[in-house]
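Down below is the structure, laid out as structure tokens.
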Amino acid sequence: MHLFHERGFDGVGVDLIGEKAGVSGPAIYRYFSGKDEILMTLLDEAIDRVLMSTGGQFDDPREELEHLVRGHVQRALEERELMSVWTRERNSIPKAYRSRLSARIKRYIDRWVDCLHACYPNQSRDVLNAAVHATHGLIDSTSMWPEKSLRTAGLADILTGMALQGLEWLGTDASGTASTPKGVRQKRPRIVDPEVTPLRSRKPRIAR
């Protein structure tokens with residue numbers, strides 16, 4: 001996990017993994033068929049931990065949505081290396097593993113979409129699906145942040161609030177116009193005169 005986070009999947013060989021584990025490179029094959037299976041194991045672990053953080057049943061979809069966001073944020077911040085492998089390397093796995101991984105990811109995404117549909121029934125599932133990926137992108141990007149930014153006080157609440165506030169744009173009024181999230185002011189468009197206003201004439205300055 002540490003090596004894939006630090007160097008990327010393609011930058012790590014089995015010999016280096018064995019060295020860090022205190023065994024010879026070939027000894028790794030006693031436990032894994034190769035580097036691909038190691039990656040798949042880490043991705044499964046990442047999904048498992050996110051599912052544990054976001055599990056539960058709720059009568060109120062708004063309460064469930066906050067639980068989903070906060071649970072995902074928690075995993076992203078507390079297990080940054082694992083989540084960075086999840087974010088950057090899940091497209092590196094071979095086709096033999098992709099169908100199972102894709103199915104697990106789809107079930108997780110579908111849960112978010114179902115929850116958002118209960119909160120914002122006027123939106124299509126395609127729009128809600130895009131909103132889920134955008135929200136995950138915001139949260140998962142913390143795996144690439146500099147250490148100083150990660151030490152920001154109250155970061156979990158900041159990310160949770162930003163994600164929920166962003167999702168509020170899915171709410172629409174009767175006319176189908178996106179409503180303004182609470183606390184956000186809509187700016188009036190600035191009307192610009194298309195005619196070019198001539199510059200004021202100025203006396204030439206003499207350099208001394």
Exercise for the section: Drop me the distance from Arg111's CZ to Leu51's CG, to the nearest 0.5 angstrom. Expected result: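 Rounded to the nearest 0.5 Å, the CZ-CG separation comes out at 8.5 Å.
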
Are the side chains of [Y] and [X] in contact, using a 4.5 Å heavy-atom criterion?
X: Cys115; Y: Leu68; answer: yes
X: Leu116; Y: Pro61; answer: no
X: His136; Y: Trp112; answer: yes
X: Thr54; Y: Arg70; answer: no
X: Glu64; Y: Val69; answer: no
X: His72; Y: Thr135; answer: no
X: Leu77; Y: Ile139; answer: no
X: Tyr29; Y: Val14; answer: yes

Handout entry: Heavy-atom closest pair, residues Val113 and Asn129
Key =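 Looks like CG2-CA, 3.8 Å.
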
Practice task
Locate the shortest heavy-atom distance separating His5 from Ser84; write the atom from each residue and the value.
Solution key: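 It is ND1-OG, 2.5 Å.
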
Handout entry: Glu45/Arg49 ion pair, N-O < 4.0 Å
Key =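 The answer is yes: the pair qualifies as a salt bridge.
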
Is the backbone N or O of [Y] less than 3.5 Å from a side-chain atom of [X], with the two atoms forming a donor-acceptor pair by type?
X: Ser124; Y: Val127; answer: yes
X: Glu81; Y: Met1; answer: no
X: Ser149; Y: Trp145; answer: no
X: Lys35; Y: Phe9; answer: yes
X: Arg125; Y: His117; answer: no
X: Glu79; Y: Arg75; answer: no

Problem - From CA spacing to verdict: side-chain hydrogen bond (donor to acceptor under 3.5 Å, both in side chains), Ser143, Arg80 - result: CA-CA 5 Å; Ser143 64; Arg80 183 180 175 223; over 6 Å; no

Problem - Ring-face cation of Arg90 near Trp86 (centre distance under 6.0 Å, axis angle within 45°) - result: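 Relative to the ring axis of Trp86, which defines the angle, Arg90 lies inside both limits.
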
Practice task
Using only heavy-atom distances, determine whether the side chains of Glu37 and Tyr31 contain a donor-acceptor pair under 3.5 Å.
Solution key: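 No, Tyr31 and Glu37 have no side-chain donor paired with an acceptor closer than 3.5 Å.
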
Can you list, pair by pair, the side-chain donor-acceptor contacts under 3.5 Å of residues 94-101, counting residues two or more places apart and other chains?
{"unit_1": "Arg98", "atom_1": "NE", "unit_2": "Ile93", "atom_2": "O", "d": "2.8"}
{"unit_1": "Arg98", "atom_1": "NH2", "unit_2": "Ile93", "atom_2": "O", "d": "3.2"}
{"unit_1": "Arg100", "atom_1": "NH1", "unit_2": "Asp44", "atom_2": "OD1", "d": "3.3"}
{"unit_1": "Arg100", "atom_1": "NH1", "unit_2": "Asp44", "atom_2": "OD2", "d": "3.1"}
{"unit_1": "Arg100", "atom_1": "NH2", "unit_2": "Asp44", "atom_2": "OD2", "d": "2.9"}

Exercise for the section: Verify the cluster assignment for Phe58 and Leu65: are they in a single hydrophobic cluster under the rule of side-chain heavy atoms below 4.5 Å apart? Expected result: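 Different hydrophobic clusters.
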
